[in-house]
Amino acid sequence: MKVSVIIVSYNCKAFLDYCVQSVIKALDNIDGEIIVFDNSSSDGTVEFIESKNYNLRLIKSENNIGFSKANNKAAKFAKGEFLFFLNPDTIIPEDVFHQFFKFKLDDLGIFGFRMIDGKGNFLKESKRNLPNINIILKKLLGFDDKYYSSLDEFDSGSVDVLCGANMIIKKSIYNKVGGFNEEYFMFGEDIEICYETKKIGMNNFYSATSTLVHFKGESTKNDINYLRNFYGAMRIYFKNIFSSNQFLLTTILLISKFLVLFKSIMPKKQIVEIKTEKNILIGEKPINKLNDLFGEISLVNEIDSSQDRCNIIFDSNYLSFKQIISHIDNLQNGKKIKFWFLPEDYSYVIGSSGMNQKGNIIFFD
């Protein structure tokens, strides 16, 4: 078997379902499998995915064991030569594996594709530098200087760090470096595994030949535990890579605790809804379920690139995932557009949001 797609999910059943639909399309004519590890979701994810009768392995955890442990457990069941770790709030184009298997690099460590969010903004974490002490301290204080790779987003080339939301690695290399470090509950584990592959002489590679959508934040709750995991990951990374010096570790711990406290009491940023002038469905037939939600909807076969201040709804039975991603990528340019996504069975509609903002999910009766 060539590839095992591993998806760890937690309370994001609609996004997971839509992700799985895109992966199934991408695996057409590819010798591959899908493994979903559910981290004890409470939103009915397991029952929802089981009801779809997809050809996948669904592993049900009794507890939320975190991202690293879940991926490592799922990887033990994987039969593929390559492991593709993919977040549940992503969609991938149909040709993503064809693009990957065109790539030849004898010393390939980890491979990752370009990513945009649900509004079409490029996600800079697609390609990063290995953080040194200065970069870690600056990142903790909110400065991103030299944290991201200077490689242009539309170029392909070697980088230090790829993102765990979209990461391909040969299973033999994954086993050689010991998988994800389970000290990390979430955040930071992708940086350390990239460090480990480089340490054994492998080359990590960023590719702009395909683009993925990562909606971001759909499987994480932005609360105090999220902040503790986010800032605590830097301390774990510093300890493992640079120094066990207790003075330095205590300094980083105190900075992290201050930032967790400060950000937890800060007022949450209000999401301002855009007043739209029109609703556009890209498809070949009207969808009656949408009328109560959107009101008057214009049905079109192609999208006018000059559109602005509107809802654009993608019918996945009419457009390929590659076409949908291309539309999002090409239409963003600072426009006031909200994208919506209909799955194959029209059982729900997903509304995209910006970076680290929860999207909208509306289930139809």
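Along the sequence shown, residues carry numbers from 1. Because the structure is predicted, anything quoted here is derived from the model rather than measured.
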Can you see whether [X] engages [Y] through a side-chain donor-acceptor pair at a distance of less than 3.5 angstrom?
{"X": "Asn63", "Y": "Ser40", "answer": "no"}
{"X": "Ser41", "Y": "Asp38", "answer": "yes"}
{"X": "Ser210", "Y": "Gln99", "answer": "no"}
{"X": "Lys278", "Y": "Gln307", "answer": "yes"}
{"X": "Tyr184", "Y": "Asp190", "answer": "no"}
{"X": "Glu182", "Y": "Asn72", "answer": "yes"}
{"X": "Asp315", "Y": "Tyr346", "answer": "yes"}
{"X": "Asn181", "Y": "Glu189", "answer": "no"}

Given 3.5 Å as the limit, does a donor-acceptor pair link the side chain of [X] with the main chain of [Y], or not?
{"X": "Asn279", "Y": "Phe294", "result": "yes"}
{"X": "Glu94", "Y": "Lys322", "result": "yes"}
{"X": "Asn121", "Y": "Asp117", "result": "no"}
{"X": "Ser149", "Y": "Val159", "result": "no"}
{"X": "Ser126", "Y": "Met115", "result": "yes"}
{"X": "Asn204", "Y": "Cys194", "result": "yes"}
{"X": "Thr211", "Y": "Arg114", "result": "no"}
{"X": "Ser61", "Y": "Asn39", "result": "no"}
{"X": "Asp152", "Y": "Phe154", "result": "yes"}
{"X": "Lys2", "Y": "Ile30", "result": "no"}

**OP:** Going by the ring pair (Phe, Tyr, Trp, His ring centres under 6.0 Å) test, name the single residue among Phe84, Phe103, Phe113 that passes it with Phe97.
**Re:** Phe84
Would you mind reporting whether [Y] and [X] have side-chain heavy atoms less than 4.5 Å apart?
{"X": "Leu342", "Y": "Ile313", "value": "yes"}
{"X": "Glu81", "Y": "Lys171", "value": "no"}
{"X": "Tyr206", "Y": "Phe111", "value": "no"}
{"X": "Asp17", "Y": "Tyr348", "value": "yes"}

Original post:
Is Lys52 paired with Glu344 through a side-chain N to carboxylate O contact shorter than 4.0 Å?
Top reply: no
**OP:** Decide yes or no on side chain to side chain contact (heavy atoms under 4.5 Å, CB included) for Ser305 and Asn330, but give the supporting numbers first.
**Re:** CA-CA 8 Å; Ser305 60; Asn330 294 331; over 6 Å; no
Original post:
Ring centres of Phe37 and Phe77 under 6.0 Å apart?
Top reply: no
**OP:** Name the orientation class of the two ring planes belonging to Tyr174 and Phe180 (parallel below 30°, tilted from 30 to 60°, perpendicular beyond 60°).
**Re:** perpendicular
Original post:
Could you state the interatomic distance from CD1 (Ile92) to OG (Ser22), rounded to the nearest 0.5 Å?
Top reply: 4.5 Å
**OP:** Report whether Phe341 and Leu299 are members of the same hydrophobic cluster (ILVMFWY, side-chain heavy atoms less than 4.5 Å apart, transitive linking).
**Re:** no
Original post:
Centre of Phe48's six-membered ring, under 6.0 Å away, within 45 degrees of the axis: is that where NZ or CZ of Lys13 sits?
Top reply: yes
